[in-house]
Amino acid sequence: MSLEVIILAAGKGTRMRSDMPKVLHTLAGKPMLVHAVEQAQKLAPTRTHIIVGHGADQVEAQVKPLGAQCVPQEQQLGTGHAVAQAMPNVDSEATVLVLYGDVPLVPAALMQQLADQAMQGGLAILTVALDDSTGYGRIVRNDQGEIQAIVEHKDATPEQRQIKEINTGILAAKASLLNGWLPRIESDNAQGEIYLTDIVAMAVADGVPISHLQPEFAQQTQGVNDRVQLAELERWHQLQLANQLLRDGVQLADPSRFDLRGELTTGKDIFIDINAIIEGQVVLEDGVHIGPNCHLKDAHIGAGTHVFANSVIDQARVAKHCNIGPFARLRPGTVLEDGAKVGNFVETKKTTLGKGSKANHFTYLGDTVVGEKVNIGAGTITCNYDGVNKFQTNIEDGAFIGSNSSIVAPVTIGAGATVGAGSTITKDVADNNLAIARGKQRNLASWAKPVKS
Ligand code: UD1
Ligand code: CA
């Protein structure tokens with residue numbers, strides 16, 4: 001039997017105090033709505049419908065590439081009205097799973113359980129008991145413990161407000177049942193809205209069985225209304241990710257000072273010091289050591305490599321047993337081959353550093369191919385840009401670049417060549433030659449210091 005998913009995402013999210021639609025605010029570097037869509041897609045639904053209103057164009061741009069279809073809800077008349085907008089596009093034989101775009105951490109397995117229950121023919125709802133249930137729809141049960149209704153906070157009696165079990169908003173039912181219930185919902189309530197939750201009392205009246213499920217952790221069904229809640233959920237989620245890495249054998253100096261905003265693939269015996277930010281797709285091979293305050297994005301770090309404190313690595317490939325930093329910046333297109341060293345205040349861009357080559361201090365290498373066992377002296381700059389175009393520098397195997405040299409591209413420094421310190425190199429240097437291009441030193445013995453007039 002087919003499954004279709006409807007995700008409510010039309011609300012403005014006033015309390016975020018933002019120009020961006022609430023569901024596009026990010027958790028672990030990804031829009032909340034994208035979290036929900038990605039988990040839902042693990043259930044392989046035939047269609048995913050996103051109900052959009054505020055910032056519809058922005059929301060659509062995010063979810064279209066994921067294969068979801070957007071359904072406009074011009075006016076936000078309530079959650080029941082929102083679901084009704086999608087129903088004309090839903091196969092009447094399908095089972096429907098309703099999710100919220102501002103509830104990002106519902107696990108796919110829990111969604112699947114709820115959908116499976118609904119496929120038996122009843123209404124399946126996800127509830128959770130909270131110490132403070134203020135503001136939520138309360139689950140009203142009879143003396144037998146059977147669910148009778150959901151009563152919204154604003155409509156609840158003082159006794160009902162004591163109820164700790166709340167409606168997470170997430171539910172599943174066959175489309176045929178929803179098609180029967182939705183048109184009958186009225187808006188005679190405290191908020192004048194078309195409440196989706198009214199279908200619970202309708203199910204009771206129709207004798208349709210109601211089943212319920214609870215999440216393992218309340219955070220998995222926590223919705224986000226403001227930035228405080230978003231920050232709290234981020235910290236909880238990051239701690240889950242950090243604990244999973246610890247269980248996988250990665251040592252984190254402090255799991256509460258670690259941020260993963262993407263996917264991290266790890267080998268064995270990796271150590272990550274405090275305040276690491278890992279973004280995009282990052283691979284750390286066996287024995288990698290990441291020092292404090294490092295930012296790694298879309299990077300592959302080979303076995304035994306040491307990244308020292310305060311280094312930034314973005315779209316770079318680093319081979320085995322390299323040393324990077326402290327205070328190094330590897331920009332996109334950097335490749336370090338085995339045993340290469342990039343030290344403090346060194347910036348590289350579209351640059352390959354061959355096996356065992358070193359640029360240990362205060363250097364910029366851009367659009368450069370450095371061979372093996374090359375030594376780049378402190379303060380070396382490749383001048384790759386003439387203000388209009390970028391040019392390539394080649395520094396061949398075993399070359400030695402003296403400190404404070406400017407290498408003006410396009411230029412090639414041959415294998416085994418030496419560049420004298422302080423040179424401005426504008427012409428190719430042949431293999432094994434010494435190039436010196438600097439003002440000659442003169443010492444004037446007759447020099448008299450000026451005196452104050
Ligand atoms: C809703 C539930 C409440 C539950 C709570 C859980 C109803 C009537 N109430 O209340 O029982 O405890 O969620 O967080 O369902 N939305 C639309 N279109 C609309 C209205 C809402 O897309 O016309 C979207 C919102 O953007 C949001 C979600 O639906 O993502 C929930 O709407 P919201 O107004 O926040 O519902 P609550 O009052 O929190
Ligand atoms: Ca809400």
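Position 1 is the first residue of the sequence, and the numbers go up from there.
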Query raised in the report: Any salt bridge (charged side-chain N to carboxylate O under 4.0 Å, His left out) pairs touching residues 25-54, not counting sequence neighbours?
Result: Glu4-Arg47, Lys30-Glu38
Shortest non-hydrogen contact from [X] to [Y]?
X	Y	value
Ala409	Asn384	CB-CA, 4.2 Å
Ala328	Gly343	CB-O, 3.6 Å
Ala118	Ala124	N-CB, 4.0 Å
Ala36	Val103	CB-O, 4.3 Å
Gly80	Leu182	O-CD2, 3.8 Å
Ala68	Ile50	CB-CG1, 3.7 Å

Has [X] got a side-chain atom pairing as donor or acceptor with [Y]'s backbone, closer than 3.5 angstrom?
X	Y	value
Gln85	His81	yes
Gln41	Leu66	yes
Asp254	Ser256	yes
Lys22	Val224	yes
Ser357	Lys373	yes
Glu396	Gly414	no
Ser423	Gly420	yes
Gln220	Glu216	yes
Thr363	His361	yes
Thr382	Gly366	yes

Query raised in the report: Please walk me through it: do Thr134 and His153 pass side chain to side chain donor-acceptor pair (under 3.5 Å)?
Result: CA-CA 7 Å; Thr134 309; His153 181 93; 5.4 Å; no
Could you list all the ring pair (Phe, Tyr, Trp, His ring centres under 6.0 Å) pairs where at least one residue sits in [range], not counting sequence neighbours?
range	result
residues 367-421	none
residues 336-360	Phe327-Phe345, Phe345-Phe362
residues 269-316	Phe271-His289, His289-His306, His306-Phe308

Query - Side chains of His35 and Gln39, donor plus acceptor under 3.5 Å - result: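 Short answer, no.
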**Report entry** Asn443: side-chain hydrogen bond (donor to acceptor under 3.5 Å, both in side chains) partners, not counting sequence neighbours
**Finding:**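 By the side-chain hydrogen bond (donor to acceptor under 3.5 Å, both in side chains) rule, Asn443 matches Gln441.
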Requested in this report: Decide yes or no on side-chain contact (heavy atoms from CB on, under 4.5 Å) for Ile6 and Met87, but give the supporting numbers first.
Outcome: CA-CA 9 Å; Ile6 299 175; Met87 293 313 292; 3.8 Å; yes
Query raised in the report: Is the count of non-hydrogen atoms from other residues, nucleotides or ligands lying under 6.0 Å from Asp386 atom CG greater than 12?
Result: yes
Query raised in the report: Hey, which of Cys322, Cys294, Pro326 is the one that makes side chain to side chain contact (heavy atoms under 4.5 Å, CB included) with Val307?
Result: Cys294
Requested in this report: State which residue, out of Leu171, Thr221, Asp116, Leu114, fulfils the side chain to side chain contact (heavy atoms under 4.5 Å, CB included) condition with Leu213.
Outcome: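 Testing each of Leu171, Thr221, Asp116, Leu114 against Leu213, the sole residue satisfying side chain to side chain contact (heavy atoms under 4.5 Å, CB included) is Leu114.
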Query raised in the report: If you look only at pairs with a residue in residues 320-334, which of them pass as a side-chain hydrogen bond (donor to acceptor under 3.5 Å, both in side chains), with sequence neighbours excluded?
Result: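 For residues 320-334, and leaving out neighbouring residues, the side-chain hydrogen bond (donor to acceptor under 3.5 Å, both in side chains) pairs sorted by first residue read Arg331-Glu347, Thr334-Thr348.
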Report task. Please determine which of Lys12, Gln73, Gln76 meets the side chain to side chain donor-acceptor pair (under 3.5 Å) test together with His54. Result ->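 Among Lys12, Gln73, Gln76, the one meeting side chain to side chain donor-acceptor pair (under 3.5 Å) with His54 is Gln76.
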Requested in this report: Determine, for Arg235 against Asp259, whether the closest basic-nitrogen to carboxylate-oxygen distance falls under 4.0 angstrom.
Outcome: yes
Query raised in the report: Do the charged groups of Lys349 and Asp367 touch, with an N to O distance under 4.0 Å?
Result: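 So Lys349 pairs with Asp367 through a salt bridge.
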